[in-house]
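Here it is: the structure, laid out below.
Note that the structure is predicted; figures quoted are calculated from it, not measured.
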Amino acid sequence: MSILDSAGELKTAAGPRELEQATAELVGAELHGMVHDDAGVHVELWFRSLAADAAIRLLEGKAGEGVRYLLHGLTAIGPPGTVPATRQKLQQTKRVAGAEPAWLQRMAKPKAGREAWRLEDRFGTRLAIVMEYAFAKEPSVAYLFDVDACGLPRLAGAGVHDDVEAAAEAWRSAVGDTAAGAPLERVTSSSELRALAQLDFRTPMGDETRNQADEWFRAERRIHDLATALRSTACPVPARRSFFDEDSTPLVEEFTEWHTGAHGGPPDPELTEMVAQEWQDGILPQTTYCVSPERLAYQLAIIDDSYERETAAELRALLCRWSRWLGERDGLPEDLLDRVDRAARAPFGAAG
């Protein structure tokens with residue numbers, strides 16, 4: 001059954017928060033199946049088409065009142081570039097609308113607060129950003145961005161919670177023991193919001209979870225809302241930029257010094273430069289010196305896919321020492337160092 005055919009269930013929503021969530025899940029169910037069949041689909045064009053089709057069916061008298069609720073929900077979760085057109089569709093269909101609750105009119109402009117909070121796990125490659133937002137005359141809620149920063153930053157999960165503390169606790173629970181006790185800290189600089197700026201919502205990978213699909217559009221919209229709210233503050237959301245081909249000299253020099261002391265001589269300079277460049281290509285600068293089992297799996301998959309077997313084996317051997325250096329540098333406890341060591345020694349193909 002299509003989204004438009006299922007829209008009638010949206011009429012059971014009792015307020016903006018319920019309708020927003022129901023819309024995200026209804027759209028997400030369709031998106032999830034679609035991108036797993038065709039990861040190359042242009043999702044924003046699809047979203048625009050959904051809003052246009054909803055309006056056409058309403059104007060032609062071929063849709064129930066639930067489709068108007070859908071359009072209201074789409075204005076709340078839609079990507080920034082789709083919002084003007086979706087609002088226009090709502091205005092066009094106003095003449096065929098029946099009696100609607102007053103709160104529906106408050107869906108169009110959710111407003112973000114002018115603060116944000118952050119958390120990170122012990123490895124430093126799993127991050128959380130929490131913001132508040134509210135619909136007019138409604139209590140504020142918290143939105144959680146769970147970011148996997150082991151490689152190119154990616155949204156691991158997201159969702160709405162009653163308040164900032166509830167969002168933080170949900171993130172700690174989802175990440176596990178390395179996030180237990182992670183402090184919730186107020187964001188005080190733009191660099192701490194870099195993880196949001198680097199998220200890419202243009203093209204799904206095709207392996208998205210249902211939660212990632214549900215939040216695909218809403219997460220992008222909330223980042224835009226937060227950026228708008230923080231624009232004139234001391235810590236605005238930074239602009240997106242590339243972090244490929246960054247200077248790896250500091251990494252190489254520090255590792256070489258450690259290797260010389262720990263192993264009685266310097267590492268192979270060519271291999272070291274290759275490991276350093278692969279290690280930092282595209283990652284968040286704040287995680288340059290972070291090591292985790294997930295980051296090692298990411299790096300090993302790149303090495304296995306990008307190099308001939310003999311060269312890959314040499315790089316893998318050096319990566320074992322590289323990861324130990326970073327773990328010691330970060331002061332990881334022995335149990336976490338053991339996890340890092342095991343991840344660095346994964347066999348060929350196990351990390352892909």
Side-chain angles (χ1 to χ4, degrees), residues 119-128 146-154 156 171-182 195 243 246 248-352:
L119 304 95
E120 65 178 50
D121 79 336
R122 181 61 185 86
F123 290 120
T125 60
R126 188 73 173 264
L127 315 172
D146 178 5
V147 180
D148 178 356
C150 71
L152 297 178
R154 188 178 185 190
W171 180 81
R172 295 186 190 104
S173 178
V175 175
D177 65 326
T178 62
F243 289 104
E246 297 289 293
S248 61
T249 302
L251 276 168
V252 170
E253 290 179 346
E254 190 172 341
F255 174 67
T256 299
E257 181 180 355
W258 173 88
H259 192 284
T260 300
H263 297 281
D268 180 282
E270 184 177 356
L271 291 174
T272 301
E273 179 61 39
M274 292 165 70
V275 168
Q277 198 60 60
E278 293 289 6
W279 187 262
Q280 69 176 9
D281 257 2
I283 67 170
L284 295 173
Q286 72 201 65
T287 68
T288 298
Y289 290 92
C290 296
V291 63
S292 66
E294 293 76 18
R295 172 156 287 178
L296 286 164
Y298 177 86
Q299 290 294 322
L300 289 172
I302 291 174
I303 289 172
D304 292 353
D305 290 343
S306 304
Y307 297 93
E308 296 294 333
R309 180 81 176 221
E310 182 178 346
T311 303
E314 294 176 325
L315 291 172
R316 280 170 151 269
L318 188 60
L319 190 64
C320 289
R321 296 183 174 185
W322 178 275
S323 60
R324 186 71 187 191
W325 160 60
L326 288 173
E328 292 179 0
R329 185 184 189 278
D330 192 32
L332 292 179
E334 200 60 39
D335 64 320
L336 297 188
L337 280 174
D338 286 344
R339 293 189 204 180
V340 166
D341 288 342
R342 288 196 300 271
R345 289 171 171 74
F348 276 93

Applying side-chain hydrogen bond (donor to acceptor under 3.5 Å, both in side chains) between Ser248 and each of Glu278, Glu273, Gln280, report the one that passes.
->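 The option that passes is Glu273.
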Would you give the length of the straight line joining atom CG of Leu337 to atom CZ of Arg324, rounded to the nearest 0.5 angstrom?
-> 4.5 Å
CD (Glu328) with more than 12 external heavy atoms under 6.0 Å | yes
List the steps, then state whether ring-ring contact (aromatic ring centres under 6.0 Å, His included) holds for Trp258 with His263.
-> CA-CA 8 Å; Trp258 173 88; His263 297 281; 5.4 Å; yes
Heavy-atom closest contact (Val340 atom, Ser292 atom, distance) |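 Reported closest heavy-atom pair: CG2-CA, 4.4 Å.
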Atom CH2 in Trp279, atom OG in Ser323: separation rounded to 0.5 Å?
-> 7.0 Å
CD (Glu314) and CG (Leu318) are apart, to the nearest 0.5 Å, by 9.5 Å
Donor-acceptor pair, side chain of Thr311 and main chain of Tyr307, under 3.5 angstrom =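 Looks like no, no N/O pair under 3.5 Å.
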So do Leu251 and Thr288 actually touch side chain to side chain, heavy atoms under 4.5 Å?
-> yes
Give a yes or no on whether a salt bridge exists between Glu257 and Arg329, defined as a side-chain N under 4.0 angstrom from a carboxylate O.
-> no
Heavy-atom side-chain proximity of Leu319 to Gln299 below 4.5 angstrom |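 They are in contact (side-chain heavy atoms under 4.5 Å apart), so the answer is yes.
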If you measure from CG on Leu284 to CG on Leu152, what distance do you get to the nearest 0.5 Å?
-> 9.5 Å
May I ask you to test the Pro333-Leu336 pair for a side-chain heavy-atom distance under 4.5 Å?
-> yes
What distance do Ile303 atom CD1 and Leu296 atom CG have between them, rounded to the nearest 0.5 Å?
->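 The CD1 atom of Ile303 sits 9.0 Å away from the CG atom of Leu296.
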Are the side chains of Cys320 and Asp341 in touch, meaning some heavy atoms are under 4.5 Å apart?
->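 When only atoms from C-beta onward are counted, Asp341 and Cys320 do not touch, as no gap falls below 4.5 Å.
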Below 4.5 Å, heavy atoms only, C-beta onward: do Leu119 and Trp171 meet side chain to side chain?
-> yes
Would a distance-only check, ignoring hydrogens and angles, find a side-chain to backbone donor-acceptor pair under 3.5 Å from Arg126 to Ala156?
-> no
At their closest point, which heavy atom of Ala195 faces which heavy atom of Val147, and how far apart are they?
->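 Closest heavy-atom pair between Ala195 and Val147: CB-CG1, 4.2 Å.
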Using the six-membered ring wherever Trp is involved, compare the ring planes of Tyr289 and Trp325 and label them parallel, tilted or perpendicular (cut-offs 30° and 60°).
->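 The arrangement is perpendicular - the two ring planes meet at more than 60°.
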Exactly one candidate in Val175, Leu332, Leu326 meets side-chain contact (heavy atoms from CB on, under 4.5 Å) with Phe123; the answer is Leu332
Are Arg339 and Asp177 within salt-bridge range, i.e. N to O under 4.0 Å?
->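 Salt bridge flag = yes for Asp177 with Arg339.
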Thinking salt bridges, do Asp330 and Arg122 make one under a 4.0 Å N-O criterion?
->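 Looking at Asp330 and Arg122, the cut-off is met.
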Find out whether the Lys NZ or Arg CZ of Arg309 is both under 6.0 angstrom from the six-membered ring centre of Phe348 and within 45° of the ring's axis.
-> yes
Exam field: side chain Arg295 to backbone Thr287, donor-acceptor pair closer than 3.5 Å =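 Pair found, side chain donor or acceptor close to backbone of Thr287.
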Any donor-acceptor pair under 3.5 Å from Arg321 side chain to His259 backbone = no
Spacing of Arg316 atom CZ and Arg345 atom CZ [to the nearest 0.5 Å] =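 Rounded to the nearest 0.5 Å, the CZ-CZ separation comes to 11.5 Å.
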